[in-house]
**Q** 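Sharing a structure below in structure tokens format, with a few things to ask.
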Amino acid sequence: MENKRNAEPSPKAIRILTYIIPIVLIGLILVLKNINTAAAEISFYIVAVGVVLLVVFSLIKNRKNRRKN
């Protein structure tokens, strides 16, 4: 019997998470931008930087995959 712990996640699950995570982060940005406190301002910039990094790493990964094929 094959060990399930080492199995890779299904491509369908990865595709769904690829859309859900940015939508949640963008929603969080919009919520944080409407709250006028110092903590919300700091959190807004942290989440915004996280979104930018997520996009940059996704673009890098896509370019590497295209070069392999």
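When reading the values below, keep in mind they use all heavy atoms of this one structure, side chains included, and skip hydrogens, waters and symmetry mates.
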**Q** Quick one: do I35 and V47 end up in the same hydrophobic cluster if we chain Ile, Leu, Val, Met, Phe, Trp and Tyr together by side-chain heavy atoms under 4.5 Å apart?
**A**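 Different clusters: I35 never reaches V47 through Ile, Leu, Val, Met, Phe, Trp or Tyr contacts under 4.5 Å.
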**Q** Following the transitive rule for hydrophobic clusters with a side-chain heavy-atom cut-off under 4.5 Å over Ile, Leu, Val, Met, Phe, Trp and Tyr, establish whether V51 and V31 coincide in one cluster.
**A**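 As far as the 4.5 Å side-chain criterion goes, V31 and V51 are not connected within one cluster.
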**Q** Please say yes or no: joined through hydrophobic side-chain contacts below 4.5 Å, possibly via intermediate residues, are V49 and F57 part of one cluster?
**A**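 V49 clusters together with F57.
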**Q** Quick check on the hydrophobic clustering: are V52 and L59 connected, directly or via other members, by side-chain heavy-atom contacts under 4.5 Å?
**A**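 In one cluster with V52: L59, no.
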**Q** Transitively linked via ILVMFWY side-chain contacts under 4.5 Å: L53 with I60?
**A**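 Same hydrophobic cluster.
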**Q** Quick one: pull up CG in N34 and CZ in F44 and give me the separation to the nearest 0.5 Å.
**A**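 The CZ atom of F44 is 10.0 Å from CG of N34, to the nearest 0.5 Å.
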